[in-house]
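Here the structure is laid out as structure tokens; the discussion comes afterwards.
If you're wondering where the values come from, they're calculated on a predicted model, not measured in any experiment. First the proteins, then the strands, lettered A, B, ... as listed; each starts at 1.
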Number of protein chains: 2
Amino acid sequence: MAVTILDIAKHLDLSVSTVSRALNGYGDVAKETRKRVEEAAKEFDYHPSDAARSLRQKRTNRVGLLIPSTIHYMGEFFSELIRGVTLALAESGSNLMLYTTTTDEVAQLTRICRAREVDGIILFSADKLDEAISFLKTESLPFVVLGHSINDPAVSFVASDNRGGMMAAMQHLLSSGHSRIAYLARYDQPRLHSQRLLSYQQALTEAGLEIDGDLVTSASIGTRTGYRAMNSLLDLPVLPTAVIAFNDQIAINALQAASERHVSVPDDLSIVGYNDIRSSLSTVPQLTTVRQPLSEMGKKAAEVLLSRVHDNDIPPIRTNLPAELIIRGSTSHV
Amino acid sequence: MAVTILDIAKHLDLSVSTVSRALNGYGDVAKETRKRVEEAAKEFDYHPSDAARSLRQKRTNRVGLLIPSTIHYMGEFFSELIRGVTLALAESGSNLMLYTTTTDEVAQLTRICRAREVDGIILFSADKLDEAISFLKTESLPFVVLGHSINDPAVSFVASDNRGGMMAAMQHLLSSGHSRIAYLARYDQPRLHSQRLLSYQQALTEAGLEIDGDLVTSASIGTRTGYRAMNSLLDLPVLPTAVIAFNDQIAINALQAASERHVSVPDDLSIVGYNDIRSSLSTVPQLTTVRQPLSEMGKKAAEVLLSRVHDNDIPPIRTNLPAELIIRGSTSHV
DNA sequence: AATAATTCCAAAAACGTTTTTGGAACTTAC
DNA sequence: GTAAGTTCCAAAAACGTTTTTGGAATTATT
């Protein structure tokens, strides 16, 4: 059996309560006694039972991160986020539980809340975000949404400035003389898509350009996402001179499609990605992209959550981190 | 406050023990009573407290996955593994705790074990694997190593056939007429590296070729890993005609370096990757690579661990899943 | 020198389950 | 018609902590 606090107490001829207070830094214990306890704890490699402590304290020192089950389609994106999350958690001594969404997201959240498996939840999953949010609002479990800016002023979120990011990309292309700019979207991400689309349309309108429905199309999720969609753009009677992709993966596959059809990037076609994942440095040419500070977003989300775990009555924290255009080789003057 | 088993018991005028037995499927409860209990539990959305249950049952229904803190450098690789892990865990009703390694791995493992935070651990971290293993062997916590084949016959692992995979790549190149074959390694992964190096050398020797030390070099971890190393290979007085990279990321960056120096792949240079991550389909040309069944490995590792959680006295399960050469456009006849 | 305050610690309660033990009520067996 | 099973359930113990309460011993205050 594992060593318990009782073993320590017996060994030192103290009561368990004193040992507990000594280890948790309470004041009601003599200096000398505390030292003895700490030494014994070290000697026996004593660590308090996680379950027992959680039960008594009503705190688990765990936070949950809910991610989509299609996580393997967004490996780089995700791992940057998670890095930030783990960084922030490590500082506070909390641990991370990873939940992948199931078919019934709300049932899953119900269990997590009612069984008190975690102290709080970072909602990254996007499947049925609205339902998930409205459920969590009825529970007392702190939560924060990661990656989406939420309209409801009562919910905390950490996202990046989508409108601004997309606008920066558009302005870069427009000022480079492009007028036929395609948007290679992801319709299955309606929340992000609609924001980006708005900026796309606004930029065109402000530039006095027509909005051509043919130039907005969607990549489908899967391996080589965006490959087929890019090809269909290249089948248009009048080709676009620039493409903004929903993310870097799509941009990379668009690059591949263009290359296969001997459309030269950036000479014949400019391509802009989104997110600035590491791979965007590895293409030929390197991707111009809108950088989202993914790691920082993860870190910030964890911090926001932890502050709510500490006190859930503080007003909601709603953060849009700035997006930044990174100009590399995949775009040029028309 | 959350609803407890006592609330259900009071509401139904039963004892807590009966409610517990009813919900957990024990025999000692009348059909009618069980039905009433189940209905009440559903009505109140009752879920037993995770902490209380863990404490009493000495089982947490959680397993840990230990990953390196440099996880963001291996996003795709990692997310495929994790997908398999979560798939297997979901089937068994277990949850996943994600631990990133800290400076003192053993101290971290000590805490995890002694605090009984999880039922078992999947060791994916490679930093000080030997120390970690020898520590875990002294504890009673079940564990399995993921991604490395371990010599010690007492430890369970799930890996893929490194020797075979590397050998397949070499044979492919040799039979295509290549004789100057470089190996773009990762010295900081000594375990995997040494196995691959052995196969590399063996294949050359069997083909009656000299082993040229200049042709074995190492990529360093970081963004664009392998870019600089590839460039130094291209600076050699006599160029290699083929390169086997330690992983696909390195291969992709090697591809980029070659392209920038107008070395045509595969005409002037063949490049082989390793792992078959999704991105290996997105390059121009697409990567020839050695496929490791990453998702299956993760799944298998979780299954092996769970079987040990169920009964830790079963003999070690040691699995090398087959690696498979996938021939695509980045390699050709010399 | 008596009282008040302080320091240190032990005892006990509490957290919410599961599991063990035991016993009442009802059936079956002879 | 008693003995022996069965069926169902309640009571209590146990899991390993933290926190509250209270009290003895020591020190400070008047």
Are more than 12 heavy atoms from other residues, nucleotides or ligands located less than 6.0 Å from atom CG of N151(B)?
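Result for CG/N151(B): open.
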Whole angstrom is fine here: how far is it from [atom1] in [X] over to [atom2] in [N]?
| X | N | atom1 | atom2 | result |
| --- | --- | --- | --- | --- |
| R116(B) | dC15(D) | CZ | C1' | 10 Å |
| H47(A) | dG16(D) | NE2 | C1' | 15 Å |
| I8(B) | dT18(C) | CD1 | C1' | 16 Å |
| Y26(B) | dT17(C) | OH | C1' | 12 Å |
| F44(B) | dG16(C) | CZ | C1' | 17 Å |
| L55(A) | dT18(D) | CG | C1' | 10 Å |
| L23(B) | dG16(C) | CG | C1' | 13 Å |
| L12(A) | dC8(C) | CG | P | 17 Å |

Is there a side-chain contact between [X] and the phosphate of [N], meaning an N or O under 4.0 Å from OP1 or OP2?
| X | N | value |
| --- | --- | --- |
| S20(A) | dT17(D) | no |
| Y46(B) | dT17(C) | yes |
| K58(B) | dG16(D) | yes |

Check DNA chain C against residues 28-42 of chain A and give the residues with a non-hydrogen atom under 4.0 Å, in numerical order.
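Within this stretch, D28(A), V29(A), A30(A), T33(A) sit under 4.0 Å of the strand.
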For [Y], is there an ion pair with [X] - N to carboxylate O distance below 4.0 angstrom?
| X | Y | answer |
| --- | --- | --- |
| D119(A) | K58(A) | no |
| R308(B) | D313(B) | no |
| E303(B) | K299(B) | yes |

Once you round to the nearest 0.5 Å, how far does [atom1] of [X] lie from [atom2] of [Y]?
| X | Y | atom1 | atom2 | result |
| --- | --- | --- | --- | --- |
| T33(B) | R21(B) | OG1 | CZ | 10.0 Å |
| Q189(B) | L129(B) | CD | CG | 10.5 Å |
| E105(A) | T110(A) | CD | OG1 | 11.0 Å |
| I67(A) | I122(A) | CD1 | CD1 | 11.5 Å |

Axis bend over the full length of the helix from dA1(C)-dT30(D) to dC30(C)-dG1(D), computed from five pairs that close each end, to 10 degrees
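For the helix from dA1(C)-dT30(D) to dC30(C)-dG1(D), the axes at opposite ends meet at about 50°.
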For residues 43-51 of chain B, which side-chain N or O atoms pair as donor and acceptor with protein atoms under 3.5 Å away, sequence neighbours left out?
unit_1: S49(B); atom_1: OG; unit_2: A51(B); atom_2: N; d: 3.4
unit_1: S49(B); atom_1: OG; unit_2: A52(B); atom_2: N; d: 3.0
unit_1: D50(B); atom_1: OD2; unit_2: R62(B); atom_2: NH1; d: 2.8

Test of understanding: with side-chain hydrogen bond (donor to acceptor under 3.5 Å, both in side chains), list the residues that count as partners of T319(A), not counting sequence neighbours.
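If we apply the side-chain hydrogen bond (donor to acceptor under 3.5 Å, both in side chains) test to T319(A), skipping adjacent residues, there are no hits.
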By salt bridge (Lys or Arg N to Asp or Glu O under 4.0 Å), which residues pair with E139(A), not counting sequence neighbours?
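If we apply the salt bridge (Lys or Arg N to Asp or Glu O under 4.0 Å) test to E139(A), skipping adjacent residues, the hits are R114(A).
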Strictly under 3.5 Å: I want the nitrogen or oxygen pairs between protein and nucleotides 10-14 of chain D, one per line.
unit_1: dA10(D); atom_1: OP2; unit_2: S15(B); atom_2: N; d: 2.8
unit_1: dA10(D); atom_1: OP2; unit_2: S15(B); atom_2: OG; d: 2.9
unit_1: dA10(D); atom_1: OP2; unit_2: T18(B); atom_2: OG1; d: 2.9
unit_1: dA10(D); atom_1: N7; unit_2: S17(B); atom_2: OG; d: 3.2
unit_1: dA10(D); atom_1: N7; unit_2: R21(B); atom_2: NH2; d: 3.3
unit_1: dA11(D); atom_1: N6; unit_2: S17(B); atom_2: OG; d: 3.1
unit_1: dA14(D); atom_1: N3; unit_2: R56(B); atom_2: NH1; d: 2.9

Output the single nucleotide from dT19(D), dT18(C), dT17(C) whose closest atom is nearest the side chain of Q57(A).
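When the side chain of Q57(A) is considered, dT19(D) is the closest of dT19(D), dT18(C), dT17(C).
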Evaluate the salt bridge (charged side-chain N to carboxylate O under 4.0 Å, His left out) criterion for residues D130(B) and R191(B): first the C-alpha distance (whole Å), next the side-chain angles of each, then the deciding distance (0.1 Å), finally the verdict.
CA-CA 10 Å; D130(B) 287 327; R191(B) 216 169 285 271; 3.3 Å; yes
